[in-house]
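Notes for the one structure printed next.
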There are 2 protein chains.
Amino acid sequence: MKYSIGEFSRLTNLGIHTLRYYEQEKLISPERNSANRRCYNDKDMAWIAFIKRLKATGMPIKEIKRYAQLRSSGNSSLNERLEILIQHRQILDDQIKQLKEHQAKLNEKIEFYKEEIASQNLSIQSTFRKETIFL
Amino acid sequence: MKYSIGEFSRLTNLGIHTLRYYEQEKLISPERNSANRRCYNDKDMAWIAFIKRLKATGMPIKEIKRYAQLRSSGNSSLNERLEILIQHRQILDDQIKQLKEHQAKLNEKIEFYKEEIASQNLSIQSTFRKETIFL
DNA sequence: ATACAACATAGAGTTCCCTCTATGTCAAGG
DNA sequence: CCTTGACATAGAGGGAACTCTATGTTGTAT
């Protein structure tokens with residue numbers, strides 16, 4: 001299947017401007033038809049999906065660009081690409097580890113807040129009780 | 001303990017400029033001494049540590065600022081702060097879930113690459129074998 | 001034929017989060 | 001006393017990743 005930039009934008013959730021920007025940055029190079037219109041295909045689709053994954057895991061555009069260049073240079077770059085991927089996996093693993101730590105601490109903090117609030121409500125309640133007693 | 005901005009910068013790993021920027025953005029309001037110099041204390045330290053956590057989990061400065069404002073408005077804002085925290089926990093949980101998914105897919109991709117490379121090495125080997133046979 | 005929407009490019013603008021520069025003040029050491 | 005270095009403010013600069021504007025072209029429906 002072939003897609004115009006409009007269709008492709010809808011299918012990838014990526015905004016026409018963003019797609020053109022990615023092309024400018026050489027992340028992707030769709031074919032052109034006779035009228036110079038961009039013609040994205042299913043391979044582009046899969047590639048964009050992967051780009052989105054890399055981005056979502058914090059890889060900067062520049063690094064994705066490097067990967068894209070290797071990709072376009074064919075099979076001889078497989079090893080180098082694999083290395084980038086393995087390196088990025090390490091980064092991702094660390095990232096997840098960090099986030100889990102933050103998650104644990106945040107949970108602690110939330111528990112602390114709940115207790116704090118509970119004890120406040122208690123003192124309000126007792127004040128209220130006193131008031132009802134003394135009124 | 002009290003710290004000058006220089007010391008505090010070293011202790012927090014946050015760059016003097018960044019600390020001043022955070023103050024400008026009202027994330028933190030250290031006291032000043034007679035000479036108008038900033039005097040950070042241990043409470044500021046703990047607070048900065050928490051700011052760093054919020055940042056590291058993707059909370060934008062503006063939202064941290066909102067939290068900081070509530071914090072400075074005292075105990076009456078405990079509930080509201082708790083809500084921000086709980087909401088942020090949700091975001092963090094989702095984030096971790098997403099990253100794990102990306103991790104799984106990345107691992108798949110890496111395995112795929114390894115196989116690809118292995119089969120290439122094989123074909124090179126066999127070409128090489130042919131050559132050695134036919135030479 | 002003409003109107004219209006979708007496409008094209010070049011380049012400016014925006015947002016976020018710093019980071020740096022220019023300029024000035026002040027306290028302490030040689 | 002004077003230099004030095006850490007501090008102060010105000011505001012400019014920078015990079016990343018978009019996002020938008022201006023202007024022009026093309027293909028299709030009326």
Side-chain angles (χ1 to χ4, degrees), chain A residues 1-41 44-45 47-69 88 91 95 102, chain B residues 1-41 44 47-69 88 91 95 98 102:
Chain A
M1 273 304 280
K2 303 253 177 169
Y3 315 96
S4 71
I5 194 168
E7 288 169 304
F8 200 66
S9 166
R10 260 166 261 131
L11 292 169
T12 58
N13 270 312
L14 268 187
I16 288 176
H17 296 301
T18 306
L19 287 171
R20 289 202 269 249
Y21 166 69
Y22 282 179
E23 187 173 345
Q24 187 183 304
E25 293 300 314
K26 300 206 178 39
L27 302 193
I28 190 167
S29 305
E31 294 183 354
R32 301 290 181 116
N33 67 13
S34 56
N36 196 33
R37 302 291 175 85
R38 289 167 180 84
C39 277
Y40 296 91
N41 59 36
D44 293 321
M45 190 75 102
W47 171 232
I48 281 284
F50 189 58
I51 288 178
K52 287 174 83 174
R53 210 177 280 294
L54 293 178
K55 273 198 50 54
T57 50
M59 188 184 282
I61 297 282
K62 271 196 181 175
E63 180 83 349
I64 300 177
K65 180 179 181 171
R66 194 159 76 86
Y67 188 91
Q69 276 167 349
H88 189 60
I91 289 169
Q95 220 181 133
H102 290 315
Chain B
M1 272 305 278
K2 302 256 176 166
Y3 314 96
S4 71
I5 194 168
E7 289 169 303
F8 200 65
S9 167
R10 261 166 260 132
L11 293 169
T12 57
N13 270 313
L14 269 186
I16 288 178
H17 296 303
T18 306
L19 287 170
R20 289 203 270 249
Y21 166 69
Y22 282 179
E23 186 172 345
Q24 188 182 304
E25 292 302 312
K26 299 204 176 43
L27 302 193
I28 189 167
S29 305
E31 293 184 354
R32 302 290 181 114
N33 68 12
S34 56
N36 196 33
R37 302 292 175 83
R38 289 168 180 82
C39 276
Y40 296 90
N41 58 36
D44 293 321
W47 172 230
I48 281 285
F50 189 58
I51 288 178
K52 286 174 84 174
R53 210 177 279 294
L54 292 178
K55 273 198 52 52
T57 50
M59 187 183 284
I61 297 282
K62 268 195 183 174
E63 180 83 350
I64 299 176
K65 180 179 181 170
R66 194 160 76 86
Y67 187 92
Q69 276 168 348
H88 190 59
I91 289 170
Q95 221 181 133
Q98 286 291 310
H102 291 314

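Please read these numbers as outputs of a predicted model, since none were measured by experiment. Below, read A as the first sequence line, B as the second, and so on, with proteins coming before strands; counting in each chain starts at 1.
- We find that CG of A:L19 is positioned 11 Å from P of D:dT19, with the value rounded to whole Å.
- Within the structure, no pair that satisfies the salt bridge (Lys or Arg N to Asp or Glu O under 4.0 Å) test touches residues 3-14 of chain B, not counting sequence neighbours.
- Nearest-nucleotide positions on DNA chain D place B:R32 closer to the 5' end than the other of B:R32 and A:H17.
- Counting any heavy atom pair closer than 4.0 Å across all strands shown, A:R20 reaches a base atom.
- When the C1' atom of D:dC7 is taken as reference, atom CD of B:E31 falls 18 Å away, rounded to whole Å.
- Evaluation of the salt bridge (charged side-chain N to carboxylate O under 4.0 Å, His left out) rule for A:K65 yields no partner, not counting sequence neighbours.
- Between A:K2 atom NZ and A:D44 atom CG the span is 9.0 Å, to the nearest 0.5 Å.
- In this structure, the CD atom of A:E23 is 15 Å from the P atom of D:dC18, given to the nearest Å.
- For B:R38 and D:dA6, the CZ to C1' distance is 12 Å, given to the nearest whole Å.
- In this structure, the helix from C:dA1-D:dT30 to C:dG30-D:dC1 shows an angle of 20° between the axis at its start and the axis at its end, each fitted on 5 base pairs and rounded to 10°.
- Scanning for side-chain hydrogen bond (donor to acceptor under 3.5 Å, both in side chains) contacts around A:T12 gives an empty result, with sequence neighbours left out.
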Only distances under 3.5 Å count here; give the side-chain donor-acceptor pairs of residues 16-27 of chain B to other protein atoms, sequence neighbours excluded, each with its distance to 0.1 Å.
| unit_1 | atom_1 | unit_2 | atom_2 | d |
| --- | --- | --- | --- | --- |
| B:T18 | OG1 | B:L14 | O | 3.2 |
| B:E23 | OE1 | B:R38 | NE | 2.4 |
| B:E23 | OE2 | B:R32 | NH2 | 2.9 |

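- Not a single side-chain hydrogen bond (donor to acceptor under 3.5 Å, both in side chains) links A:S9 to another residue, sequence neighbours left out.
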Atom pairs under 3.5 Å, N or O on each side, protein against nucleotides 15-17 of chain C: can you list them with distances?
| unit_1 | atom_1 | unit_2 | atom_2 | d |
| --- | --- | --- | --- | --- |
| C:dC17 | OP2 | B:I61 | N | 3.4 |

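- Across the protein-nucleic acid pair, A:K2 atom NZ and C:dC7 atom P stand 16 Å apart, rounded to whole Å.
- As rounded to whole Å, 14 Å separates atom C1' of C:dG11 from atom CD of A:E25.
- Remark: A:Y3 engages A:D42 in a side-chain hydrogen bond (donor to acceptor under 3.5 Å, both in side chains) (not counting sequence neighbours).
- With rounding to whole Å, A:Q24 atom CD is found 14 Å from D:dA16 atom C1'.
- For A:I5, whose side chain is taken as the heavy atoms from C-beta onward, the closest listed nucleotide among C:dC18, D:dA8, C:dA8 is C:dA8.
- Once rounded to the nearest 0.5 Å, the distance linking NE2 of B:H88 with OG1 of B:T57 reads 2.5 Å.
- Per the geometry, CD1 belonging to A:I64 stands 12 Å off C1' belonging to D:dA16, to the nearest Å.
- Within the structure, salt bridge (Lys or Arg N to Asp or Glu O under 4.0 Å) contacts touching residues 52-61 of chain A (residues at least two apart or in different chains) do not occur.
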Using atom names, set out every protein N or O paired with an N or O of nucleotides 24-27 of chain D below 3.5 Å, distance rounded to 0.1 Å.
| unit_1 | atom_1 | unit_2 | atom_2 | d |
| --- | --- | --- | --- | --- |
| D:dT26 | O4' | A:R37 | NH2 | 3.3 |

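- For A:S29, there are no side chain to side chain contact (heavy atoms under 4.5 Å, CB included) partners at least two apart in sequence or on another chain.
- Residues A:Y40 and A:I28 are in side-chain contact: their nearest non-hydrogen atoms beyond the backbone lie under 4.5 Å apart.
- For B:Y67, the ring pair (Phe, Tyr, Trp, His ring centres under 6.0 Å) partners two or more places apart in sequence, or in a different chain, are B:W47, B:F50.
- Taking side-chain N and O atoms only, A:S4 has no distance below 4.0 Å to OP1 or OP2 of C:dA6.
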